[in-house]
Amino acid sequence: MRAILTALALSLALPMAGCGRDASEEAAAATIPVTITSKGQPHVFNVEVARTDEEQDRGLMFRTSLPADGGMIFPFAKPRIGSFWMKNTLIPLDMFFIRADGSIDRIAENTIPESLEPVVSGGEVSAVLELAGGTAAKLGIDETAKITWKDTK
């Protein structure tokens with residue numbers, strides 16, 4: 001009887017194992033290039049796009065690491081005040097609040113993991129880019145930089 005139950009469990013589990021993709025594979029498959037041009041120097045990041053409300057609500061929650069050239073962009077249907085929090089976000093992030101023309105409204109550097117304090121833009125923005133905490137300081141990126149991307153969907 002035990003052998004039959006084990007065989008049944010394996011026969012159900014094996015097809016499911018082939019269906020799932022590693023999270024890093026999924027992220028790599030769904031990335032777009034985002035360029036931050038700061039002081040004439042372009043910095044290219046391959047970021048995931050949070051298009052749907054569900055994707056935007058989840059964001060980078062529960063991630064334990066982020067590649068140096070990775071991140072996530074949150075495009076908005078129309079400009080609005082951007083407000084994010086770090087609930088269930090386990091790593092510090094730099095948040096770039098982007099105006100419709102690609103200029104930076106505000107950079108919130110090294111946001112505090114798991115904080116419930118809102119991180120808010122200074123004005124209306126068209127998107128928010130989240131990168132690994134410390135990226136802005138490391139690369140010398142400030143509010144004079146421009147951010148460009150093309151979302152193919």
Under 3.5 Å: donor-acceptor pair, side chain of Gln56, backbone of Pro75: yes

Side-chain heavy-atom pair Leu93, Met86 within 4.5 angstrom cut-off: yes

Can you tell me how far the CZ atom of Arg80 sits from the OG atom of Ser126, to the nearest 0.5 Å? 10.5 Å

Measure the spacing between CZ of Phe96 and CG of Asp142 and express it to the nearest 0.5 Å. 10.0 Å

Considering non-hydrogen atoms only, spot the tightest contact between Phe97 and Ala108 and give its length. CE1-CB, 4.3 Å

Heavy atoms only: give me the nearest Ser83-Val120 pair and the separation to one decimal. OG-CG2, 3.7 Å

Over all heavy atoms of both residues, which pair between Arg51 and Glu55 is shortest? Give the atoms and the distance, please. N-OE1, 2.8 Å

Are the side chain of Arg99 and the backbone N or O of Ile104 linked by a donor-acceptor pair below 3.5 Å? yes

Heavy atoms of Ile141 and Ala145 approach each other most closely as CG2-CB, 3.9 Å

Distance col, row Leu129:CG vs Ile73:CD1, nearest 0.5 angstrom, shows 5.0 Å

Are any side-chain N or O atoms of Asn46 and backbone N or O atoms of Thr31, one a donor and one an acceptor, separated by less than 3.5 Å? no

Electrostatic pair Arg63:Glu130 at N-O distance under 4.0 angstrom: no

What's the separation between atom OG1 in Thr135 and atom CG in Asp69, rounded to the nearest 0.5 Å? 10.0 Å

Determine whether a donor-acceptor pair (N or O, by modelled atom type, separation under 3.5 Å) exists between the side chain of Glu48 and the backbone of Ala30. no

ILVMFWY cluster, Val34 and Val128 together (side-chain gap under 4.5 Å): no

Kindly say whether Glu109 contributes a backbone atom to a donor-acceptor pair with the side chain of Asp94 at under 3.5 angstrom? no

Same hydrophobic cluster for Phe76 and Trp149, using side-chain heavy-atom links shorter than 4.5 Å among ILVMFWY? no

Can Ile36 be reached from Ile32 by stepping across I, L, V, M, F, W or Y side chains whose heavy atoms are under 4.5 Å apart? yes

Any chain of hydrophobic side-chain contacts (each under 4.5 Å) joining Leu116 to Phe62? yes

Steps toward side chain to side chain contact (heavy atoms under 4.5 Å, CB included) verdict (Thr89, Thr111): CA-CA 10 Å; Thr89 305; Thr111 56; over 6 Å; no

More than 12 heavy atoms of other residues, nucleotides or ligands under 6.0 Å from NZ of Lys39: is that the case? yes

Would you mind telling me which of Asp101, Thr35, Ile98 makes a side-chain contact (heavy atoms from CB on, under 4.5 Å) with Lys146? Asp101

Shortest non-hydrogen pair, Ile107 vs Glu143, comes out as N-OE2, 3.2 Å

Here the gap from Met72 atom CE to Arg58 atom CZ, rounded to the nearest 0.5 Å, amounts to 9.0 Å

Report yes or no: do Val119 and Val125 belong to one cluster of Ile/Leu/Val/Met/Phe/Trp/Tyr joined by side chain heavy-atom distances under 4.5 Å? yes

What class does the angle between the rings of Phe74 and Phe84 fall in, given that below 30° is parallel, 30 to 60° is tilted and above 60° is perpendicular? perpendicular

Just how far is it from atom CG of Asn88 to atom CG of Leu60, taken to the nearest 0.5 Å? 12.5 Å

Residue Asp53 excluded, over 12 heavy atoms near CG under 6.0 Å: no

Leu90, CG atom: more than 12 neighbouring heavy atoms under 6.0 Å: yes

